[in-house]
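All values reported here derive from a predicted model rather than from experimental measurement. If you read the sequence from its start, that first residue is 1, and numbering goes on from there.
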Amino acid sequence: MSGKTTHEPEPAPLTAAQAGIAAIDHLIELTSKEAQGATSVEPTDQGWAVEVEVLEDRRIPSSADMMALYEVEIDLDGNLLAYRRTKRYNRGSSDIGGRNQT
C-alpha cells in the first residue's frame, strides 16, 4: 500500500463575493456591456442569484444614460445557468426597484 489516496479534494464552494465576480464576468462576456457592479447576491438551491447593474446605452449628458438590471444565476462552481434582463431605467431614476418589487 502506498498510503496515497486517489481522491482529489473537491474545490470549496464559491463565496458570495466570488459568485458576484463570476456573474459579472459571465454577463460581460455574453452582452459586451459595461457592468457597474453587483447590487445583490443571494444563495439559491442550485447556487447563486446575482443582480448586476449594467450600462446599456451611454448618452450625453451621462445622467440620461440607459441602465439595466440583469439577474444572473450561477451554480456552486461558478458556471452560468441562466441570465435575463429584469429592468431598464435612466441613470437619474431614483427608484429602480429590485427583484422582489413590482
Side-chain angles (χ1 to χ4, degrees):
M1 297 181 90
S2 67
K4 292 184 178 178
T5 62
T6 59
H7 299 292
E8 294 286 328
E10 291 190 24
L14 295 178
T15 65
Q18 291 168 328
I21 292 168
I24 289 171
D25 288 346
H26 285 300
L27 193 60
I28 290 171
E29 182 179 346
L30 292 169
T31 66
S32 299
K33 303 287 185 186
E34 182 180 331
Q36 302 295 293
T39 60
S40 71
V41 180
E42 296 179 15
T44 65
D45 292 340
Q46 297 179 331
W48 296 93
V50 182
E51 196 171 61
V52 180
E53 185 177 46
V54 170
L55 174 60
E56 286 269 295
D57 188 21
R58 187 176 300 278
R59 296 184 179 166
I60 299 175
S62 62
S63 60
D65 288 348
M66 185 59 65
M67 308 296 290
L69 287 177
Y70 283 79
E71 182 177 299
V72 182
E73 297 174 18
I74 59 174
D75 67 15
L76 293 173
D77 295 324
N79 299 308
L80 180 67
L81 298 174
Y83 82 99
R84 68 190 68 75
R85 185 174 57 205
T86 58
K87 188 161 190 138
R88 293 185 80 198
Y89 54 93
N90 290 326
R91 183 184 290 273
S93 297
S94 60
D95 181 24
I96 60 170
R99 181 174 351 152
N100 297 327
Q101 295 184 350
T102 55

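- For E73, the salt bridge (Lys or Arg N to Asp or Glu O under 4.0 Å) partners two or more places apart in sequence, or in a different chain, are R84.
- Put simply, the side chain of H26 never gets that close to the backbone of L81: no donor and acceptor are under 3.5 Å apart.
- Nearest approach of A35 to I24, heavy atoms of both residues: CB-CG2, 3.8 Å.
- For the atom pair OG1 (T86) and CD (E71), the distance works out to 6.5 Å, reported to the nearest 0.5 Å.
- Taking all atoms of both residues into account, the shortest heavy-atom contact from E56 to A68 is CG-CB, 3.2 Å.
- Atoms CG and OG1, from L76 and T44 in turn, are 7.5 Å apart once rounded to the nearest 0.5 Å.
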Full working for side chain to side chain contact (heavy atoms under 4.5 Å, CB included) between D65 and R58: CA-CA 5 Å; D65 288 348; R58 187 176 300 278; 4.0 Å; yes
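- Annotation for A19 and L14: closest pair CA-CD1, 4.1 Å, computed over non-hydrogen atoms.
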CA sep, side-chain torsions, deciding dist, call: L27, V50, side chain to side chain contact (heavy atoms under 4.5 Å, CB included): CA-CA 11 Å; L27 193 60; V50 182; over 6 Å; no
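- Considering all non-hydrogen atoms of both residues, G78 and A22 come closest at O-CB, 4.3 Å.
- Residues passing the side-chain contact (heavy atoms from CB on, under 4.5 Å) test with Q36 are E34, E53, L55, M67, R91, sequence neighbours excluded.
- Checked against salt bridge (Lys or Arg N to Asp or Glu O under 4.0 Å), D25 has no partners two or more places apart in sequence or in another chain.
- Judged purely by atom type and a 3.5 angstrom limit, D77 has no side-chain atom pairing as donor or acceptor with the backbone of N79.
- No side-chain donor-acceptor contact under 3.5 Å links N90 to the backbone of M66.
- Of all non-hydrogen atoms in Y83 and T31, the two that sit nearest each other are CE1-CG2, 3.9 Å.
- Note: the hydrophobic cluster containing W48 also contains L80 (ILVMFWY, side chain heavy atoms under 4.5 Å, direct or indirect links).
- Hydrophobic clustering of Ile, Leu, Val, Met, Phe, Trp and Tyr side chains at less than 4.5 Å, counting indirect connections, unites I28 with V41.
- Taking all atoms of both residues into account, the shortest heavy-atom contact from A23 to V72 is CB-CG1, 3.8 Å.
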